[in-house]
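Dropping the structure in here first, questions after.
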Amino acid sequence: MILCVSGVGSSMILKQFSQFSASFTVMEDKLQNEMQQQMEDQSLLSCACDFAKDYLAFSKERHVFPFEEDIENLAVFEEVMPVESGQPHEILNKLNNYGGPATLPMTGGRYFGFVNGAVVPIGMAARWLGDAWDQNTALQIISPICSKLEEVTQKWLIDIFDLPEHTVAGFVSGTSMATFCGLAAARFHIYKKLGWDWHHKGMFDAPKLNVIASIQSHSTAVKALGLLGFGKDNIKWIDVDDEGRIKVKKIPHLDEKTIVVLQAGNVDSGSFDDFESIGKMAEKAGAWIHIDGAFGLWAEAVTELKHLTNGMQLADSWSVDGHKTLNTPYDNGIVLCKHANALSSALHMSGSYIVNSSERDGMYYTPEMSRRGRIIELWAIMKYLGKNGIDEMILTMHKRSLQFRDALSEAGFNILNDVVFNQVLVACENDVLTLSTLKEIQEDRVCWCGPSEWFGKKVIRISVCSWVTTKEDVEKTVASFVRSREKALNIV
């Protein structure tokens, strides 16, 4: 603000302005002082920690889905935007008292929906610390610690997945974004080989590329292809076998203008495509293979299961989640690409204010510039578990899946897939009974499973993705299945 004063009365005006300015400063500093006090006395953090510990203490035994009353009580959050600042402890209490009961305890052992993992304790603790650090991981100069952890974790991932040493990793929100990044790298790489400058010329009049994918490709892969401008109608959809694996013999001729999307872990059956056979075909033709391995790519890290991923190293890019099978906190996804220049060029941006370093600048391997420090908990969990711990944890999930298969089959349910990893597809004698049984299971609230459809048949899908799940959790869940089917039979 600029004030121009002169002549008689100027001193009075200046005096009045000085008083106004001092008063305004006091008002302006009030909120800042309040928040500074909250940081210093730490009572908010202590309260949040107490609430979190109470929640975790009962998460394993509490009902797995909120009651109707809990959901109805969420109406307490419906209000117009406040004008004045609120009371922080009241806000935290409101979240705890009304928000907590309306959550699903994924940190318990009986949530089997949507391939959602639990959280390894050191990952939760590391995230809490990382949240206090509140790092932006765009550049090394902004966060040296996150740059170093990304560099180290990238090497660990290359090691555990047995990938080429020159592979690079981008740490993103999840497999949806990781798949987008991998396919963006593929698009840039192929067009560069064809002499087409994608960044300058874009899609208009660009040579047409070929995209091949399974008819059971995950929706995130289809979405990524759509966002990149390929369009569903331009994808060559390939039929699958009775386990959901792409039929190799149905794949058409490949060439250097082709992108092939494969799966490490069918979202329903958990099956794995034949990476070795298709990989050799693609390598010979100069085609690009992207493997969507959201939860299944981790099978490569398990001695007894790595046969499932045989040949995955022949691909060019991979997408995988930490927050599924590895049980990191949400959100934690990874894109891996053996063509570093293709990935960084596809996602590259620049600005006069950017300060690059000789160390890792993470933003060059992701679409975002600003990103939270998700690498902190990923590094902490991999450091804690080590190779043997990852092997043991994931193999245990597989064993719990086999326990489900055997116990439910013995109880008279139909198991419709070959349980090769962590997915179990369950059905009753007919679709009506299957869906009625599922409804009763969900209302029983001992566990939570979701519906799906497998070759036209309604199924109950069990996804075992939590380190917390015990043999007893499986037994309680199977008992709920049996009890719920009995109730459904009485209704049907």
Practice problem: For the residue pair Ile460 and Thr434, establish whether any side-chain heavy-atom pair is separated by less than 4.5 Å. | Solution: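 Yes, side chains in contact.
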Quiz prompt | Val240 to Ser214 - nearest heavy-atom pair and separation | solution =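 Shortest heavy-atom separation between Val240 and Ser214 comes out as CG1-OG, 3.1 Å.
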Self-check item: Exceeds 12 heavy-atom contacts within 6.0 angstrom, atom CZ of Phe58
Solution: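 At most 12 heavy atoms, drawn from other residues, nucleotides or ligands, come within 6.0 Å of this atom.
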Quiz item: Backbone N or O of Phe161 within a donor-acceptor pair of the Gln313 side chain at under 3.5 Å?
Solution: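 A pair under 3.5 Å: yes.
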Quiz item: Do you see a donor-acceptor pair shorter than 3.5 Å between the side chains of Ser147 and Glu359?
Solution: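 Side-chain D/A pair, Ser147 to Glu359: absent.
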Practice problem: Verify the distance criterion only: is there a donor paired with an acceptor across the side chains of Tyr55 and Thr103 at less than 3.5 Å? | Solution: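 The criterion, which ignores hydrogens and geometry beyond distance, is satisfied for Thr103 and Tyr55.
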Practice problem: Taking the side chain as every heavy atom from C-beta outward, state whether Phe295 and Phe421 have any atom pair closer than 4.5 Å. | Solution: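 Yes, side chains in contact.
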Self-check item: Spacing of CG belonging to Asp162 relative to OG1 belonging to Thr167, to within rounding of 0.5 Å
Solution: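 Rounded to the nearest 0.5 Å, the CG-OG1 separation comes to 10.0 Å.
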Quiz item: Which value, rounded to the nearest 0.5 Å, describes the distance between Ile235 atom CD1 and Ile212 atom CD1?
Solution: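 Atom-to-atom, Ile235:CD1 and Ile212:CD1 are 11.0 Å apart.
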Quiz item: Do the non-hydrogen side-chain atoms of Asp205 and Lys201 ever get within less than 4.5 Å of each other?
Solution: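 Sidechains of Lys201 and Asp205: no contact.
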Practice problem: Establish, from distance only, whether the side-chain atoms of Thr309 and Glu300 form a donor-acceptor pair under 3.5 Å. | Solution: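 There is such a pair (donor and acceptor under 3.5 Å, judged by atom type) between the side chains of Thr309 and Glu300.
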Quiz item: Considering residues at least two apart in sequence or located in another chain, which fulfil the salt bridge (charged side-chain N to carboxylate O under 4.0 Å, His left out) criterion with Lys280?
Solution: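 For Lys280, the residues satisfying salt bridge (charged side-chain N to carboxylate O under 4.0 Å, His left out) (neighbours in sequence not counted) are Glu276.
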Exercise. Please name the pair of heavy atoms, one in Trp454 and one in Leu416, separated by the smallest distance, quoted to 0.1 Å.
Key: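 Heavy-atom minimum between the residues: NE1-O, 3.7 Å.
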Quiz item: Quick check: does any side chain N or O of Asn73 sit under 3.5 Å from a backbone N or O of Asp70, one acting as donor and the other as acceptor?
Solution: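 No; zero donor-acceptor contacts below 3.5 Å.
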Quiz prompt | Residues Glu151 and Arg360 bridged, charged N to O under 4.0 Å | solution =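 Here Glu151 does not pair with Arg360 in a salt bridge, since their nearest N and O are not under 4.0 Å apart.
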Quiz item: Is there a donor-acceptor pair under 3.5 Å between the side chain of Glu377 and the backbone N or O of Ala126?
Solution: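 The answer is no, because no donor-acceptor pair under 3.5 Å joins these two groups.
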Quiz item: Which value, rounded to the nearest 0.5 Å, describes the distance between Ile289 atom CD1 and Ile291 atom CD1?
Solution: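 It comes to 6.5 Å.
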Self-check item: Neighbour count >12 (heavy atoms, 6.0 Å) for atom CD1, Ile141
Solution: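 Incorrect, the count does not exceed 12.
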Self-check item: Verdict with reasoning, Thr303 to Asp391, per side chain to side chain donor-acceptor pair (under 3.5 Å)
Solution: CA-CA 7 Å; Thr303 302; Asp391 186 311; 3.1 Å; yes
Exercise. Could you tell me which non-hydrogen atom of Cys465 sits nearest to which non-hydrogen atom of Val115, and how far apart they are?
Key: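 In this case the closest contact between Cys465 and Val115 is SG-CG1, 3.3 Å.
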Quiz item: After noting the C-alpha distance and the side-chain angles of Trp318 and His290, does the key distance pass the ring pair (Phe, Tyr, Trp, His ring centres under 6.0 Å) rule?
Solution: CA-CA 6 Å; Trp318 306 261; His290 176 81; 8.3 Å; no
Let me check something: any side-chain donor-acceptor pairs from residues 258-266 under 3.5 Å, sequence neighbours excluded? List them with distances.
unit_1 : atom_1 : unit_2 : atom_2 : d
Thr258 : OG1    : Asp255 : N      : 3.3
Thr258 : OG1    : Asp255 : O      : 3.4
Thr258 : OG1    : Asp255 : OD1    : 2.8
Gln263 : NE2    : Gln216 : O      : 3.1
Asn266 : OD1    : Asp268 : N      : 2.8
Asn266 : OD1    : Ser269 : N      : 3.2
Asn266 : ND2    : Gln216 : OE1    : 2.9
Asn266 : ND2    : Gly244 : O      : 3.4

Quiz item: Looking only at heavy atoms, which two atoms of Leu308 and Phe272 are closest? And how far apart?
Solution: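 Smallest heavy-atom distance, with atoms named: O-CB, 3.4 Å.
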Practice problem: Answer yes or no: does atom CZ of Phe51 have more than 12 heavy-atom neighbours from other residues, nucleotides or ligands under 6.0 Å? | Solution: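 Result for CZ/Phe51: enclosed.
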Quiz item: With sequence neighbours left out, what residues match Lys458 under side-chain hydrogen bond (donor to acceptor under 3.5 Å, both in side chains)?
Solution: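 Partners of Lys458 under the side-chain hydrogen bond (donor to acceptor under 3.5 Å, both in side chains) test: Glu453.
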Exercise. State whether Asp331 and Arg374 are salt-bridged, where the test is any N-O pair (Lys NZ or Arg NE/NH1/NH2 against Asp/Glu carboxylate O) under 4.0 Å.
Key: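 Yes, charged N to carboxylate O under 4.0 Å.
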Practice problem: Can you establish whether the number of heavy atoms outside Tyr98 located under 6.0 Å from its atom OH is more than 12? | Solution: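 Not more than 12 within 6.0 Å, no.
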Self-check item: Steps toward side chain to side chain donor-acceptor pair (under 3.5 Å) verdict (Ser271, Arg245)
Solution: CA-CA 6 Å; Ser271 66; Arg245 297 172 295 224; 5.4 Å; no
Quiz item: Is the shortest distance from a Lys or Arg side-chain nitrogen in Asp159 or Lys387 to a carboxylate oxygen in the other one below 4.0 Å?
Solution: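 The answer is yes: the pair qualifies as a salt bridge.
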Quiz item: Are Asn327 and Ile381 close enough that some pair of their side-chain heavy atoms sits under 4.5 Å apart?
Solution: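 In short, these two side chains do not touch, never coming nearer than 4.5 Å.
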Practice problem: Could I get the full list of side-chain hydrogen bond (donor to acceptor under 3.5 Å, both in side chains) partners for Asp321, not counting sequence neighbours? | Solution: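 Here the qualifying residues are Thr175, His323, Lys324.
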Quiz prompt | Non-neighbouring partners of Lys193 that pass side-chain hydrogen bond (donor to acceptor under 3.5 Å, both in side chains), sequence neighbours left out | solution =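 Expected list: none.
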Quiz item: Do Met281 and Val248 come close enough that some side-chain heavy atom pair is under 4.5 Å?
Solution: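 Yes, at least one pair of side-chain atoms sits under 4.5 Å.
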Quiz item: Are any side-chain N or O atoms of Tyr111 and backbone N or O atoms of Ala118, one a donor and one an acceptor, separated by less than 3.5 Å?
Solution: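 No; judged by distance alone, with no hydrogens or angles, the pair does not exist.
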Exercise. Examine distances only and state if a side-chain atom of Arg371 and a backbone atom of Phe171 form a donor-acceptor pair shorter than 3.5 Å.
Key: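 Side chain of Arg371 to backbone of Phe171: a pair is present.
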Quiz item: Between the side chain of Lys94 and the main-chain N/O of Val76, is any donor-acceptor distance below 3.5 Å?
Solution: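 Looks like yes, one N/O pair under 3.5 Å.
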Self-check item: Residues, nucleotides or ligands: over 12 heavy atoms within 6.0 Å of Lys60 NZ
Solution: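 Atom NZ in Lys60 is packed in, count exceeds 12.
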Quiz prompt | Considering all heavy atoms, the nearest Ala346-Phe188 contact | solution =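 Taking Ala346 first and Phe188 second, the nearest heavy atoms are CB-CB, 4.0 Å.
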Exercise. List in chain and number order the residues that pass side-chain hydrogen bond (donor to acceptor under 3.5 Å, both in side chains) with Ser143, two or more places apart in sequence or in another chain; answer none if no residue qualifies.
Key: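 Partners of Ser143 by the side-chain hydrogen bond (donor to acceptor under 3.5 Å, both in side chains) criterion, ordered by chain and then number, come out as Gln135.
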Practice problem: Give a yes or no on this: more than 12 heavy atoms of other residues, nucleotides or ligands lie within 6.0 Å of atom CD of Gln38. | Solution: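 Counting other residues, nucleotides and ligands, CD of Gln38 exceeds 12 neighbours.
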Exercise. Could you tell me whether the side chain of Val267 reaches within less than 4.5 Å of the side chain of Arg461, counting heavy atoms only?
Key: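 Yes, close enough: below the 4.5 Å cut-off.
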Practice problem: For the residue pair Trp448 and Phe65, categorise the inter-ring angle as parallel (less than 30°), tilted (30 to 60°) or perpendicular (more than 60°). | Solution: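 Parallel: the ring planes of Trp448 and Phe65 meet at under 30°.
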Practice problem: Let me see the working for Trp288 and Ser317 under side chain to side chain donor-acceptor pair (under 3.5 Å), right down to the final yes or no. | Solution: CA-CA 8 Å; Trp288 181 292; Ser317 59; 3.0 Å; yes
Quiz item: Does the pair Ser319 and Thr179 meet the rule for a side chain to side chain donor-acceptor pair (under 3.5 Å), with working shown?
Solution: CA-CA 5 Å; Ser319 50; Thr179 300; 2.9 Å; yes
Quiz prompt | Test item: Val168 and Ile158 side chains (from C-beta on) under 4.5 Å apart, heavy atoms | solution =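 The answer is no; the side chains never approach within 4.5 Å.
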Quiz item: Is any side-chain N of the basic residue among Asp239 and Lys247 closer than 4.0 Å to the acidic one's carboxylate O?
Solution: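 The answer is yes: the pair qualifies as a salt bridge.
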Practice problem: Starting at CG of Leu104, measure out to NE2 of His63 and round the result to the nearest 0.5 Å. | Solution: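 Rounded to the nearest 0.5 Å, the CG-NE2 separation comes to 9.0 Å.
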Exercise. Give a yes or no on whether the backbone of Val464 and the side-chain of Asn422 come within a donor-acceptor separation of less than 3.5 Å.
Key: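 Present.
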Quiz item: What do you reckon, is CD of Glu79 surrounded by more than 12 foreign heavy atoms closer than 6.0 Å?
Solution: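 Above 12, so yes.
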Quiz item: Any side-chain heavy atom of Cys181 within less than 4.5 Å of one from Leu343?
Solution: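 Yes, side chains in contact.
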Quiz item: When you look at NZ of Lys223, are more than 12 heavy atoms from neighbouring residues, nucleotides or ligands closer to it than 6.0 Å?
Solution: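 Not more than 12 within 6.0 Å, no.
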Practice problem: Locate the shortest heavy-atom distance separating Gly322 from Trp298; write the atom from each residue and the value. | Solution: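 Gly322 and Trp298 have their closest heavy atoms at CA-CZ2, 4.5 Å.
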Exercise. Indicate whether the side chain of Arg400 and that of Thr469 have a donor and an acceptor atom separated by less than 3.5 Å.
Key: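 On atom types as modelled, these side chains do not qualify, holding no pair under 3.5 Å.
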